[in-house]
> 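The structure's right below; bear with me while I get my questions together.
In this text the structure is predicted, and so the values were computed from the model without any measurement.
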Amino acid sequence: MAETLGGERLMDAVATASKADLTKLEKQLLGEIEKAGNLATLEDLRVGTLGKSGSVTALLKTLGKLPADERRETGQAINALKGRVSEALEARKDVLQDEALARRLETERADITLPVYPGPQAEGRIHPLSQVWDEITAIFADLGFAVAEGPDIETDDYNFTKLNIPQEHPARQEHDTFYMKEKADGSRLVLRTHTSPVQIRTMLSQKPPIRIVAPGRVYRSDSDQTHTPMFHQIEALVIDEDTHMGHLKWLISEFCKAFFELDELRVRLRISHFPFTEPSMEVDIGAEAIGKPGEWLEIGGSGMVHPNVIRACNLDPDRYQGFAFGFGIDRMAMLKYGIPDLRAFFGADLRWLKHYGFLPFDVPTLAGGLSS
Amino acid sequence: MKFTLGWLKDHLETEAPLDAILDGLIQCGFEVEGVENPGETLKDFTIARVLEAEQHPDADKLRVCKVDTGKGTAQVVCGAPNARKGLIGVFAAPGVYVPGSDFTLGKAKIGGVESMGMLCSERELELSDEHDGIIELPQSAGDHIGERYADVMGIGDPVIDIAITPNRPDGLGVRGIARDLAALGLGKLKKEDLGFAGKGKFGSPVAIELKFDKKNADACPVFAGRYIRGVRNGPSPDWMQRRLRAIGLRPINALVDVTNYVSYDRCRPLHVYDADKIAGNIHARLGKKGESLLALDGKTYDVDGEACVIADDKRVLGLGGIMGGEESGSTEETVNVFVEAAYFDPIRTATTGRKTGINSDARYRFERGIDPQTERLGVNIATKMILDMCGGEPAELVIAGEEPNPRTVITFDPARVEKLTGLKLKNADITGTLKKLGFAVEGTGDALTVTAPTWRPDIHGAADLVEEVIRIAGVDNVPVTPMHRAPGVSKPVMTDGQKRLSRTRRVLAGRGLVEAVTWSFIPRPDAELFGGGQQELELSNPISSEMSFMRPSLIPGLAAAARQNANRGFGDLALFEAGQVYSGDQPDDQRIAASGIRLGTSRLAGRGRHWSGETKSVDLFDAKADALAVIGALGFDPAKVQIVRGAEGWFHPGRSGVIRVGPKNIIGSFGELHPQILKTYDLDGPAAAFEIFIEAIPQSRRKSSQKPPLELNDLQPVNRDFAFVLDEDVLAGDVIRAAQGADKALISGVSVFDIFQGPSLGEGRKSMAIEITLQPQDKTLTDEQIDAVASKIVAAVKKATGGEIRA
């Protein structure tokens with residue numbers, strides 16, 4: 001169509017070769033381009049003018065027939081015309097493409113309220129015990145403690161005797177010990193009743209100065225509202241030549257403040273009795289830790305390591321001294337996060353785990369705040 | 001240990017208020033477990049006399065009383081049947097809070113008659129459950145009209161309950177507590193009442209013999225007693241009954257009450273026999289097989305050869321240090337008595353106590369170790385009390401054996417106090433404190449000779465003395481002293497295993513699994529099902545059969561948890577646990593495992609039905625991906641593990657695999673759970689699970705923090721697809737390995753993108769399409785080069801698997 005549209009007239013124009021005709025022609029072509037309503041029409045126009053057999057192309061081809069003196073001037077005019085038509089085609093193409101995109105976008109509409117999968121990291125949870133364990137580790141790491149471990153199934157010697165709890169000591173009864181089946185030689189292993197055997201293992205295997213924390217699972221034959229037969233403890237042990245009770249007070253205070261993320265937190269040590277420490281002290285913290293100022297909360301036990309324990313580990317108690325400080329990880333988690341029931345920790349109820357658990361990337365760090 | 005403030009003041013001269021006493025107790029190491037202060041609760045209740053009691057005009061059961069309250073006459077309408085003229089009772093005026101009814105009294109009109117207060121029953125004052133009538137006080141109380149009821153009747157005495165740690169038997173007597181408080185400066189310890197000081201009027205008709213061989217002589221090294229004739233047993237005096245009731249004991253009769261009282265007052269257990277029921281003399285000896293005792297608790301106990309018994313010439317009278325016998329006990333009719341005060345060995349007492357299961361106040365004291373030098377004292381105190389309350393004539397005191405004299409002598413450098421506590425104290429204060437606590441201190445300077453008092457069996461060495469000093473000086477006064485960090489760069493605080501454990505948890509939680517923590521002990525059938533159940537892993541005293549074997553695997557716990565959650569309606573779940581499992585009872589047999597279970601549609605992408613696509617159930621590949629994700633996150637390239645068949649029997653045999661590195665190092669396994677396991681755990685399948693031992697994953701060998709240099713290749717990689725027709729048993733891993741090996745330099749990747757089985761391939765055949773990525777090294781590959789590699793790949797796969805390139 002374009003061929004017939006502009007072609008003959010162009011031929012005429014060339015034939016007359018008048019500048020005015022070319023101008024008129026250009027105006028006409030530009031008008032048609034401007035009117036092109038879609039990309040297909042525009043493409044037809046391009047082919048009909050600038051294509052291999054397009055009219056402008058054909059016009060150029062006629063130049064050779066012109067006398068040499070006209071050829072140059074006419075050539076320039078036609079080439080200029082070609083340039084402007086080409087530009088107009090491109091410009092119109094841009095406009096039409098924009099319009100087409102706009103129309104397409106107009107039709108491409110999704111229901112943006114459709115729900116997406118929340119993603120695995122939103123579904124998964126870290127158990128509060130693991131979270132609190134990571135928090136405690138971060139604090140002790142900052143205080144320069146290394147983590148030590150021992151087995152759950154312990155010897156009577158490590159769990160009791162070396163910790164200055166001889167066979168008939170009344171404290172043994174208080175421990176509600178789980179025993180393994182008796183062996184052929186009459187000996188019985190125990191499920192450790194506390195993490196303190198790790199003190200023994202550490203002191204037997206490394207020389208002072210010692211600065212460790214021993215976290216782990218412990219067992220007592222006790223099951224009621226507030227006791228589970230399995231729970232978790234962590235204890236800190238420092239053995240060197242001059243660490244004293246003042247350092248113990250400092251450590252407990254620093255630890256508790258860091259853990260509960262409070263600048264001001266009261267700590268009270270109450271004289272008590274544990275066979276493996278002397279002096280021995282219960283550890284209370286101010287209940288401001290859980291938003292109840294004025295009251296006290298018992299969180300654990302502490303004391304200066306008993307000389308008999310140091311001696312049982314082949315160290316000289318006249319030279320070496322130090323402290324131990326232990327508490328329940330489960331209890332700390334309950335206090336800090338307002339979890340009411342210890343037994344639910346081990347119930348694996350998905351609803352509980354989702355509610356009290358932590359997101360996988362809530363990694364507690366001192367740099368970023370333990371619980372924020 | 002319970003006692004009242006008034007009782008304490010028998011031994012401690014003090015003006016200190018109750019709160020100061022309580023703080024002092026805590027400082028001494030006596031944890032205050034509770035305080036009841038009836039004087040406070042009842043302070044508004046006063047003594048009143050009923051002047052008149054008339055029948056209520058409109059109600060049969062009510063009386064209108066005129067009551068003398070001491071401040072005037074009040075009209076009170078009362079429903080109690082015993083409300084009558086002349087009764088002395090307990091009055092509450094309007095505005096008083098009545099604890100037993102939990103309301104505050106107002107002025108009221110009852111049946112149209114004004115009532116200006118009330119006369120109270122014991123229940124209304126929370127004194128007992130008695131509510132049949134109002135309290136009737138003795139007429140002697142009529143001298144105290146208008147005064148506070150609690151004060152006049154002596155029930156206002158606060159009751160203090162403290163916890164006694166096993167090292168402090170002396171705290172099981174009120175006097176021992178008073179001694180500590182006096183040392184603290186809360187008063188002065190009063191001179192001790194030593195009881196009957198006379199000689200006795202006649203020789204003892206009952207003799208005591210200790211019949212032990214040398215080896216067992218410590219079972220009862222000393223035994224003292226006194227015969228008292230002509231006593232009149234009856235109720236003990238009010239003050240004693242009140243104190244016994246206040247601490248939760250039931251008054252019985254004077255003779256019995258005296259023994260209980262002295263036990264609590266001085267930590268000196270005693271026994272009183274009805275001397276007329278003793279045949280011959282009293283012996284302390286070991287029990288004999290076949291003997292038994294009908295004890296005071298009404299139960300009969302068999303005696304064994306380890307128990308220390310008290311016997312007469314015919315039979316066993318009591319279990320030494322634990323409980324006396326019913327038949328020889330004193331009753332209302334008892335006329336002649338024999339008072340016993342002996343020392344019984346703590347360990348033997350504890351052993352017999354455990355065997356018999358008897359928990360008595362005597363056992364509690366003897367097994368902790370009472371002051372072994374209080375036998376004469378005990379007899380004399382009891383003698384005096386019995387003579388005072390019951391009359392009678394005392395015989396001479398008899399004693400067998402010798403009072404043990406555990407002189408614990410410690411050479412003590414007072415500088416130990418500061419060394420161990422950081423608190424600097426004057427030497428004079430240190431020795432002063434020790435002396436106040438009953439220690440003998442001799443010498444000066446850095447080598448004091450300190451002798452522990454006989455009532456402190458817990459004192460053995462210098463550290464014990466430091467505790468004595470510091471508890472009196474106050475732990476609160478110990479200066480807080482910062483610890484210095486060890487010099488140098490901080491070392492990793494966690495062991496490698498702990499780091500892995502922590503990371504494993506985050507990886508699995510990041511893959512949508514919820515962390516559970518389940519019991520370390522599981523039921524026997526579960527343990528056996530998962531390769532455990534060895535005898536060495538069996539508890540001898542489990543809480544229940546559900547918790548009787550140490551777990552060999554985490555999967556049974558997770559499977560049980562999955563069932564419970566599914567039963568609650570949450571069956572689309574993904575749980576994991578990371579923790580210890582046990583293959584034996586030695587330390588090395590405890591390993592750290594990480595396991596996960598996915599149920600229903602709980603896959604990595606999400607769970608449940610979703611508009612975006614078809615819902616797919618979990619399968620073994622979900623579990624495999626979880627396991628490999630952990631391995632990768634712990635620094636080992638998952639492409640380098642081998643996946644082989646032969647997973648444990650709790651997995652589906654054909655849809656499970658073992659993950660290993662080399663033939664020996666088994667890292668774990670994964671798969672769909674065996675249908676039998678699903679049935680056992682009542683799970684609607686499929687369920688996919690894995691278990692890996694995180695410490696088995698090889699450690700990265702790289703020691704430096706430097707990463708190898710990055711080598712970039714400007715030449716574009718080229719991809720080519722191949723489809724092989726294979727026997728259906730051929731493993732993808734074998735195809736990949738063969739293809740990979742065809743030209744290790746050039747082939748940088750192999751992936752499987754299609755598996756197809758169909759009739760066109762023939763029975764037992766499958767097609768597997770793989771994409772090979774070639775990475776040119778120096779220059780762009782020519783078509784010839786690519787064809788050459790392709791031929792090598794086809795040949796290698798054919799050689800390894802018999803597969804033919806698909807036409």
> What part of A:Pro115 lies closer than 4.5 angstrom to a heavy atom of chain B: side chain, backbone, both or neither?
both

> For the atom pair CG (B:Leu539) and CZ (A:Arg188), what is the distance rounded to the nearest 0.5 Å?
11.0 Å

> Among residues at least two apart in sequence or on other chains, which ones pass side chain to side chain contact (heavy atoms under 4.5 Å, CB included) with B:Val493?
A:Thr137, A:Ala141, A:Val147

> Using only atom types and a distance under 3.5 Å, with no angle test, would you say the side chain of A:Trp250 pairs donor to acceptor with the backbone of B:Pro479?
no

> Relative to chain B, which of A:His247, A:Gln121, A:Glu154 shows the most heavy atom pairs under 4.5 Å?
A:His247

> Let me know if B:Leu537 has heavy atoms under 4.5 Å from chain A in its side chain, its backbone, both or neither.
both

> Calculate, to the nearest 0.5 Å, the distance between atoms NZ and CG belonging to A:Lys181 and B:Asn541 respectively.
9.0 Å

> Where is the tightest heavy-atom contact between A:Asp152 and B:Gln590, given as atom of each residue plus distance?
N-OE1, 2.7 Å

> With chain A, which of B:Gln498, B:Arg511, B:Arg416 has the greatest number of heavy-atom pairs at distances under 4.5 Å?
B:Gln498

> Is A:Trp133 in contact with chain B via its backbone, its side chain, both, or neither, using a 4.5 Å heavy-atom distance?
side chain

> From the options A:His244, A:Met245, A:Met304, A:Lys249, select the one residue that forms a side-chain contact (heavy atoms from CB on, under 4.5 Å) with B:Thr421.
A:Met245

> To the nearest 0.5 angstrom, please state how far the CD1 atom of A:Ile271 sits from the OG1 atom of B:Thr165.
10.0 Å

> Do you know which of A:Pro279, A:Pro151, A:Pro317, A:Gly347 has the most heavy-atom pairs under 4.5 Å to chain B?
A:Pro279

> Please classify the contact of B:Ser520 with chain A as side chain, backbone, both or neither, using a heavy-atom distance under 4.5 Å.
both

> At their closest point, which heavy atom of A:Pro120 faces which heavy atom of B:Gly510, and how far apart are they?
CB-O, 3.3 Å

> I'd like to know if the side chain of B:Glu538 and the backbone of A:Met180 have a donor-acceptor N/O pair within less than 3.5 Å.
no

> Quick check: are there more than 12 heavy atoms from other residues, nucleotides or ligands sitting under 6.0 Å from CD of B:Gln535?
no

> Quick one: side chain to side chain contact (heavy atoms under 4.5 Å, CB included) partners of B:Ile26, sequence neighbours excluded?
A:Arg268, A:Arg270, B:Val32

> Using non-hydrogen atoms and a 4.5 Å limit, figure out which bit of B:Glu577 sits close to chain A: side chain, backbone, both or neither.
side chain

> Please work out which of the three classes, parallel, tilted or perpendicular, describes the rings of B:Trp519 and A:Phe346, given edges at 30° and 60°.
tilted

> Counting only heavy atoms not in B:Asp588, do more than 12 sit closer than 6.0 Å to its CG atom?
no

> Give, as side chain, backbone, both or neither, the part of B:Arg568 having an atom under 4.5 angstrom from any heavy atom of chain A.
side chain

> Looking at B:Arg503, B:Arg505, B:Arg506, B:Lys499, which hits salt bridge (Lys or Arg N to Asp or Glu O under 4.0 Å) with A:Asp134?
B:Arg506

> Salt bridge check: are B:Lys419 and A:Asp242 linked by an N-O gap of less than 4.0 Å?
no

> Please report the shortest heavy-atom distance between A:Leu350 and B:Leu573, naming the atom on each side.
CD2-CB, 3.8 Å

> Mind checking the CE-OG1 spacing from B:Met483 to A:Thr243? Nearest 0.5 Å is all I need.
5.0 Å

> Looking at every heavy atom in both B:Met547 and A:Pro229, which two are closest together, and how far apart are they?
SD-CG, 3.9 Å

> In terms of heavy-atom pairs under 4.5 Å with chain B, which of A:Val213, A:Asp142, A:Val190 leads?
A:Asp142

> Can a salt bridge be assigned to the pair A:Arg125 and B:Glu515 using a cut-off of 4.0 Å between side-chain N and carboxylate O?
no

> Highest number of heavy-atom pairs under 4.5 Å with chain B: which of A:Ile252, A:Leu129, A:Ile153?
A:Ile153

> Of all of B:Ala605, B:Gly461, B:Ser502, B:Ala561, which one pairs up most often with chain A through heavy atoms under 4.5 Å apart?
B:Ala605

> Tell me, for B:Leu513 versus chain A, whether the close heavy atoms (under 4.5 Å) come from the side chain, the backbone, both or neither.
backbone

> About how many Å separate OG of B:Ser540 and CZ of A:Phe178, when rounded to the nearest 0.5 Å?
10.0 Å

> Inspect the contact between B:Arg607 and A:Glu123 and indicate whether a charged nitrogen and a carboxylate oxygen are less than 4.0 angstrom apart.
yes

> State, to 0.1 Å, how close B:Leu420 and A:Glu278 come at their nearest heavy-atom pair, and which atoms those are.
CD2-O, 4.2 Å

> Considering non-hydrogen atoms only, spot the tightest contact between A:Lys354 and B:Val514 and give its length.
CE-CG2, 4.0 Å

> Please report the interatomic distance CG(B:Asp476) to CG(A:Leu269), rounded to the nearest 0.5 Å.
8.0 Å

